[in-house]
Number of protein chains: 2
Amino acid sequence: MAKTITERADILPRLAEIFREYGYEGASLAIIGARTGLGKGSLYHFFPGGKEEMAAAVIDEIGQWFEHRIYEPLRNSADPQAALMSMCDDVSAYFHSGRRICLIGAFALDNVRDRFAARVNDYFAAWRSALADALQRRGDTASRAETLSEDTLIAIQGALVLARALDQPELFQRSMDRIRADLSAQAT
Amino acid sequence: MAKTITERADILPRLAEIFREYGYEGASLAIIGARTGLGKGSLYHFFPGGKEEMAAAVIDEIGQWFEHRIYEPLRNSADPQAALMSMCDDVSAYFHSGRRICLIGAFALDNVRDRFAARVNDYFAAWRSALADALQRRGDTASRAETLSEDTLIAIQGALVLARALDQPELFQRSMDRIRADLSAQAT
DNA sequence: TCAAGATTGTACCGATTAGTACAGGGCTGG
DNA sequence: CCAGCCCTGTACTAATCGGTACAATCTTGA
């Protein structure tokens, strides 16, 4: 049979888009096969654990992307305030200015939540903690950093839900602008 | 066969809980039958349109509950500020202090979104508009009312996502407290 | 009391599901 | 040049999916 020289890592982004579009249950192997161009043989070769392993791998890859691009700079950048602004830009770009949903957030509301609960938890916990770290490093009190990091994540997730529900991506943009402003305000 | 004197309206709350727990696709007719105690015969008697009609009826009922309990007071109450505070209480109770998710929000992120897009849109649009109405009636400018109503809905939905993702219902409570405070702040 | 309509359990349907088995082609190291 | 491993298409399974059909029973109005 034909060999397609595909790496496991190469199909992860495509898998992510599929899960975003159809959800975990809605993404049938037939759809996955059609959209990735891979047959069942290949899919189960790369992911012996089936759909569950595919979704887990996708979540892990997303987590790593955020770790390198968002969390790590928030924790280690010499200029925490700049890292905060950079986070806003990257997040806005990542979610395609509100046209793309957060797969992890969607999984959190889904019935498959229990299956990936640990990963979902880790994703948000790491984000919140990195955010609070940057806020404290820039001078916020621990309590203020706690509240502001929580509110920021809430606003991002809520804006994604509402933008999708109302079919108004610009709503997400507007919310990100407000988040940027809140993160720019002088610390207490 | 046995007659169970069940009204269509009586099973809607139970259906709502099932959809909340399993999602639209995850709620199979087998599960629905088991959890409602109704056989397929009864289910298709009450909902000839099948699962789709069940979900639509559930969304409509939720919409009506919010209309009577939340939107209507926001629009018509003599004391708009009191209606705002009352909304916070009712919303907090409705979502079981963060232990219950918003079915409409979950549907918005789900792949069944397109099927119920109009209803999902209506739910949030009505809420936002009623909220903005109360804010203007209490003295906020149109622009301020627009922003604040949007931010309030974003915070509620985001808090529900995050509380569920982190398995911390108290996070929702904290966020609701902040929302209450923001809605209490003097208008500009 | 009894006919008519409302309600319900059960058997069944074709389609689709995730997953398995495996043969065979393609690539690569020796 | 070829043995062996990596990759992949196909056929298959058992289970479950949403939905239909219908006969049997129950309730109700006359």
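Numbers restart at 1 for each chain; the letters A, B, ... are given by sequence-line order, proteins then strands.
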Study note, to complete from the structure: Taken to the nearest whole Å, OH/B/Tyr44 to P/C/dA11 is 18 Å

Exercise for review: Looking at every strand, decide which applies to B/Phe46 at a 4.0 Å heavy-atom threshold: base, sugar-phosphate, or nothing.
Suggested key: sugar-phosphate

Check your understanding: Cation over ring, A/Arg113 on A/Phe107, under 6.0 Å and within 45°?
Key -> no

Exercise for review: Look at the rings of A/Phe116 and A/Tyr24 and say which category their plane angle falls in: under 30° parallel, 30 to 60° tilted, over 60° perpendicular.
Suggested key: perpendicular

Exercise for review: Give the rounded distance in Å between these two atoms: CG of B/Leu38 and C1' of D/dG18.
Suggested key: 17 Å

Check your understanding: Which is true for A/Lys51 with a 4.0 Å heavy-atom rule: it touches a base, it touches only sugar-phosphate, or it touches nothing?
Key -> sugar-phosphate

Point to revise | Heavy-atom closest pair, residues A/Ala16 and A/Leu103 | key: O-CD2, 4.3 Å

Practice item. Grab the CD-P distance between A/Glu25 and D/dT16 for me, whole Å please. Key: 14 Å

Point to revise | Residue whose closest nucleotide on DNA chain C lies nearer the 5' end, A/Ile31 versus A/Gly41 | key: A/Ile31

Point to revise | Atom-to-atom span, CG of B/Leu29 to P of C/dA15 - whole angstrom | key: 18 Å

Exercise for review: Using the closest heavy atom to pick a nucleotide of DNA chain C for each, name whichever of A/Ser28 or B/His45 lands nearer the 5' end.
Suggested key: B/His45

Exercise for review: Can you tell me the distance, in whole Å, between the OH atom of B/Tyr22 and the C1' atom of D/dT16?
Suggested key: 15 Å

Practice item. Let me know the distance between CG of B/Leu43 and P of C/dT8, rounded to the nearest Å. Key: 9 Å

Check your understanding: Which of these nucleotides, C/dT17, C/dG19, D/dT20, is closest to any side-chain atom of B/Lys40?
Key -> D/dT20

Practice item. Compute whether any side-chain donor of one residue and acceptor of the other, for A/Asp140 and A/Gln136, lie under 3.5 angstrom apart. Key: no

